[in-house]
Q: 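Here it is: the structure, laid out below.
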Amino acid sequence: MLRILSAHYTRSALASLLAAVCLYPHLLLAAPAIETVTPLNFGLFAIRHNTTVSALRLSPAGGLTSSGEMIAISGAARGEYRLSGFPPGVILRFEIDDAQLSEGGFGLPEFFRVTAWEHPETLVSNLTGEAELKLGARLQSSGSGTPYGDAPYTGGAQLRVSYWSESEGGFLTFIEQLDVSAQVQSTLTLTEEQALSFGTVAAFPTAGGTARLTLSPNGSLSSVSTGGARLLALTGAQAGKFQLSSAAPNASINITIQTGSIFMTHTTLGLASARFVVKDFTTFPASPAQTNALGALSISVGASLETEATSQGYADGEYRGSYTLTVSY
């Protein structure tokens with residue numbers, strides 16, 4: 001009887017063990033693992049200069065704030081990770097080392113430092129040994145004065161997960177390398193959509209006076225003459241039009257337009273014909289201006305065209321010159 005009962009007990013225990021294995025195979029087979037759902041990415045941003053330490057703060061909730069000379073543009077994402085293979089119902093504790101991001105991940109300066117990680121102090125694994133981890137951190141510049149190039153910056157941080165193991169009778173630590181990235185785009189894209197042109201004019205200079213034709217950024221024309229000189233607008237005058245794109249949304253933009261005067265000379269005769277003087281460049285909007293929610297800004301340019309005080313006449317033909325327009329954060 002005792003032998004029969006012992007055999008029956010052994011079969012029942014074996015059946016229970018097999019059932020447990022079928023219901024909870026992870027208890028025997030799974031090893032701890034961390035799956036990256038969304039890698040931590042500080043997104044696209046600009047940095048005006050690197051003479052002081054500036055920073056981006058990305059929270060575990062996904063909020064992004066900037067300080068100093070950094071300007072957030074788009075694409076930031078908190079880190080999201082799925083933990084599995086841990087014992088059910090255990091407390092998981094986290095430690096993360098500071099990271100260093102380099103251009104292209106090649107390990108060469110100038111570096112960004114990722115520090116001040118934000119994460120829950122502990123999580124508890126569920127009945128299947130899983131947990132969800134969300135991470136935030138601070139990205140800061142070196143403040144060394146060396147500029148950062150427009151490029152992607154990548155690096156890695158070591159994540160350590162410590163937990164109590166009943167089978168081992170002590171704490172175990174699981175280690176995973178996390179990818180971290182960011183991208184600098186400090187250079188703005190400015191496209192000329194319409195050239196500044198005074199169109200076709202009739203010009204009559206005199207040595208004792210000048211005539212001026214003013215073209216405003218909205219395209220309107222006005223004229224003034226002294227000493228018998230005349231400058232008449234005939235057809236085709238148009239303000240210059242530029243489009244700024246791919247900038248930070250709702251960002252303040254400095255607009256720097258040509259100062260002083262430039263000359264427009266005959267494209268084939270050169271100095272054999274009198275020159276025009278172009279001066280008093282203006283823009284709309286004036287500086288500083290603000291981009292829209294898409295990071296775009298339209299800029300119009302006007303200026304004044306003036307005859308030289310000379311008895312040399314203006315030959316028929318095309319006159320050209322160039323001016324500078326600069327935009328910056």
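Computed from heavy atoms alone, side chains included, the values below leave out hydrogens, waters and symmetry copies.
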Q: If you measure from CZ on Arg48 to CD on Glu69, what distance do you get to the nearest 0.5 Å?
A: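 Arg48 atom CZ to Glu69 atom CD measures 5.0 Å (nearest 0.5 Å).
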Q: Between Arg320 and Glu318, does any side-chain N to carboxylate O distance fall below 4.0 Å?
A: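 Answer for the salt bridge query: yes.
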Q: With clusters defined by side-chain heavy atoms of hydrophobic residues (ILVMFWY) lying less than 4.5 Å apart, directly or transitively, does Phe42 cluster with Leu178?
A: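 Leu178 and Phe42: one cluster.
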Q: May I ask whether Ile47 and Val53 are part of the same hydrophobic cluster, defined by side-chain heavy atoms of I, L, V, M, F, W, Y residues being less than 4.5 angstrom apart, directly or through others?
A: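 No; Val53 is not reachable from Ile47 via cluster members.
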Q: Are the charged groups of Lys134 and Glu80 less than 4.0 angstrom apart, N to O?
A: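 No.
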Q: Regarding Thr291 and Asn250, do their side chains bring together a donor and an acceptor under 3.5 Å, going by distance alone?
A: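 Checked: Thr291/Asn250 side chains show no N/O donor-acceptor pair below 3.5 Å.
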Q: Within this structure, what is the CG-OG distance for the pair Leu58 and Ser66, rounded to the nearest 0.5 Å?
A: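 Output value for this atom pair is 12.0 Å.
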Q: Given Val161 and Phe94, is the side chain to side chain contact (heavy atoms under 4.5 Å, CB included) satisfied, shown in steps?
A: CA-CA 5 Å; Val161 185; Phe94 306 98; 3.9 Å; yes
Q: Please step through side-chain hydrogen bond (donor to acceptor under 3.5 Å, both in side chains) for the pair Glu110 and Ser144, ending with a clear verdict.
A: CA-CA 9 Å; Glu110 194 67 15; Ser144 68; 2.7 Å; yes
Q: Looking at side-chain heavy atoms only, is the closest gap between Leu123 and Leu133 below 4.5 Å?
A: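 Sidechains of Leu133 and Leu123: in contact.
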Q: Any salt bridge linking Glu118 with Arg57? Criterion: basic side-chain nitrogen under 4.0 Å from a carboxylate oxygen.
A: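 A salt bridge links Glu118 with Arg57.
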Q: Determine, using ring centers only, whether Phe171 and Tyr163 are less than 6.0 Å apart.
A: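 Here the rings of Phe171 and Tyr163 have centres that are no less than 6.0 Å from each other.
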Q: Measure from the side-chain N and O atoms of Asn41 to the backbone N and O of Ala76, and report whether any donor-acceptor pair falls under 3.5 Å.
A: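 Checking the backbone N and O of Ala76 against the side chain of Asn41, no donor-acceptor pair under 3.5 Å is found.
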Q: I'd like to check Thr115 versus Leu139 (side-chain heavy atoms, cut-off strictly below 4.5 Å). Are they in contact?
A: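 In short, these two side chains do not touch, never coming nearer than 4.5 Å.
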Q: OG/Ser223 to CG/Leu305 distance, rounded to the nearest 0.5 angstrom?
A: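 Spacing of OG (Ser223) from CG (Leu305) equals 11.0 Å.
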Q: Looking at every non-hydrogen atom in both residues, tell me the closest pair between Ala72 and Phe45 and how far apart they are.
A: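 For Ala72 and Phe45, the tightest heavy-atom pair comes out as CA-CB, 4.0 Å.
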Q: Walk me through whether Glu308 and Val277 qualify under side chain to side chain contact (heavy atoms under 4.5 Å, CB included).
A: CA-CA 7 Å; Glu308 285 190 293; Val277 179; 4.1 Å; yes
Q: What are the two closest heavy atoms between Gln290 and Leu297, and how far apart are they?
A: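 Here Gln290 and Leu297 meet closest at O-CD1, 3.5 Å.
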Q: Do Tyr319 and Ser273 have side-chain atoms, one donor and one acceptor, less than 3.5 Å apart?
A: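 Per modelled atom types, Tyr319 and Ser273 side chains form a pair under 3.5 Å.
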Q: Tell me whether Trp117 contacts the main-chain N or O of Asp97 through its side chain, where contact means a donor paired with an acceptor under 3.5 Å.
A: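 Indeed, once roles are kept as given, a pair shorter than 3.5 Å links the two residues.
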Q: Does CG in Leu221 sit with more than 12 non-hydrogen atoms of other residues, nucleotides or ligands closer than 6.0 Å?
A: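 Yes, the 6.0 Å shell around CG holds more than 12 heavy atoms from other groups.
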Q: If Ile, Leu, Val, Met, Phe, Trp and Tyr residues are connected whenever their side-chain heavy atoms lie under 4.5 Å apart, and connections chain through other members, are Ile255 and Phe242 in the same group?
A: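 Ile255 clusters together with Phe242.
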Q: Can you find a side-chain donor-acceptor pair between Thr173 and Ser162 that sits under 3.5 Å?
A: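 Result is yes, a qualifying pair exists.
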Q: Do you know which of Tyr314, Phe276, Phe204, Phe198 makes side chain to side chain contact (heavy atoms under 4.5 Å, CB included) with Leu231?
A: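 By the side chain to side chain contact (heavy atoms under 4.5 Å, CB included) criterion, Leu231 pairs with just one of Tyr314, Phe276, Phe204, Phe198: Phe276.
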Q: Can you tell me if Ser304 and Thr214 form a side-chain donor-acceptor pair at under 3.5 Å?
A: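 Judged by distance alone, the side chains do pair up.
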Q: Should Gln243 and Ser298 be marked as a side-chain hydrogen bond (donor to acceptor under 3.5 Å, both in side chains) after you check the CA-CA gap, both sets of side-chain angles, and the distance that decides it?
A: CA-CA 5 Å; Gln243 186 67 33; Ser298 297; 2.8 Å; yes
Q: Quick one, Gln185 with Ser246, criterion side chain to side chain contact (heavy atoms under 4.5 Å, CB included). Give me CA distance, side-chain angles, the key distance, then yes/no.
A: CA-CA 9 Å; Gln185 183 180 296; Ser246 302; 3.7 Å; yes
Q: Between Glu132 and Arg82, is there a salt bridge with N-O shorter than 4.0 Å?
A: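 Yes, charged N to carboxylate O under 4.0 Å.
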Q: Is atom CG of Asp316 surrounded by more than 12 heavy atoms (other residues, nucleotides or ligands) closer than 6.0 Å?
A: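 12 or below, so no.
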Q: Please give me the minimum heavy-atom distance between Pro217 and Ser300, naming the atom from each residue.
A: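 Heavy atoms only, the tightest pair is O-CB, 3.3 Å.
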Q: Are Leu325 and Phe284 joined in one hydrophobic group, where the rule is that I, L, V, M, F, W and Y side chains link up if heavy atoms are under 4.5 Å apart?
A: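 No, no single cluster joins them.
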Q: Answer whether the closest heavy-atom distance between the side chains of Ile253 and Leu244 falls below 4.5 Å.
A: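 Ile253 vs Leu244: side chains touch.
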Q: Using side-chain heavy atoms (C-beta onward) and a distance below 4.5 Å, is Phe112 in contact with Val184?
A: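 SC-SC contact between Phe112 and Val184 confirmed.
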Q: Please check if the side chain of Ser125 supplies one atom and the backbone of Gly89 the other of a donor-acceptor pair under 3.5 Å.
A: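 Answer holds: yes.
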Q: Do any N or O atoms from the side chain of Ser54 and from the backbone of Ser141 form a donor-acceptor pair under 3.5 angstrom?
A: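 No: the side chain of Ser54 does not pair with the backbone of Ser141.
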Q: If you take all heavy atoms of Ala303 and Phe281, which pair is closest and at what distance?
A: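 Closest approach of Ala303 to Phe281, heavy atoms only: CB-CD2, 3.6 Å.
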Q: Nearest 0.5 Å, please: how far is OG in Ser84 from CD in Glu35?
A: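 One finds 7.5 Å between CD of Glu35 and OG of Ser84.
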Q: If we ignore hydrogens and angles and just use 3.5 Å, is the side chain of Thr310 paired with the main-chain N or O of Gln312 as donor and acceptor?
A: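 Checking the backbone N and O of Gln312 against the side chain of Thr310, a donor-acceptor pair under 3.5 Å is found.
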Q: Does atom CD of Gln177 have more than 12 heavy-atom neighbours, drawn from other residues, nucleotides or ligands, at distances under 6.0 Å?
A: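 Counting other residues, nucleotides and ligands, CD of Gln177 exceeds 12 neighbours.
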Q: Donor-acceptor check, side chain of Asn50 to backbone of Gly143, threshold 3.5 angstrom: yes or no?
A: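 It does hold such a pair.
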Q: Out of curiosity, Thr122 OG1 to Leu92 CG, how far, rounded to the nearest 0.5 Å?
A: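 These two atoms lie 8.5 Å from each other.
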Q: Considering all heavy atoms of both residues, which atom of Glu103 and which atom of Tyr153 are nearest to each other, and what is their separation?
A: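 Heavy-atom minimum between the residues: N-CD2, 3.2 Å.
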Q: Looking at every non-hydrogen atom in both residues, tell me the closest pair between Ser165 and Leu172 and how far apart they are.
A: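 That closest heavy-atom pairing would be CB-CD1, 3.6 Å.
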Q: Please determine whether residues Phe111 and Met70 belong to a single hydrophobic cluster, defined as Ile, Leu, Val, Met, Phe, Trp and Tyr linked transitively by side-chain heavy-atom distances below 4.5 Å.
A: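 Different clusters: Phe111 never reaches Met70 through Ile, Leu, Val, Met, Phe, Trp or Tyr contacts under 4.5 Å.
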Q: Contact between Val327 and Thr256 at the side-chain level, heavy atoms closer than 4.5 Å - yes or no?
A: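 Not touching, per the 4.5 Å side-chain cut-off.
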Q: Between the main-chain N or O of Thr38 and the side-chain N or O of Thr36, is there a donor-acceptor pair closer than 3.5 Å?
A: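 Not a single qualifying donor-acceptor pair exists.
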Q: Begin from the C-alpha positions of Ile96 and Gln158 and carry the test side chain to side chain contact (heavy atoms under 4.5 Å, CB included) through to its verdict.
A: CA-CA 6 Å; Ile96 309 177; Gln158 188 182 88; over 6 Å; no
Q: Using a 4.5 Å cut-off on heavy atoms from C-beta on, say whether the side chain of Leu213 contacts that of Val201.
A: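 Val201 reaches Leu213 side chain to side chain.
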Q: Any side-chain heavy atom of Asn254 sitting closer than 4.5 Å to one from Tyr329?
A: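 No. Closest side-chain heavy atoms not under 4.5 Å.
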Q: Calculate, to the nearest 0.5 Å, the distance between atoms OG and CG belonging to Ser181 and Leu40 respectively.
A: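 So the gap between those two atoms works out to 7.5 Å.
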Q: Can we say Glu306 and Arg212 salt-bridge, meaning some charged N sits less than 4.0 Å from an Asp/Glu carboxylate O?
A: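 The answer is yes: the pair qualifies as a salt bridge.
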Q: Is there a donor-acceptor pair closer than 3.5 Å between any side-chain N or O of Thr154 and the backbone N or O of Gly105?
A: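 Yes, the answer is positive, given that a donor and an acceptor are paired below the 3.5 Å cut-off.
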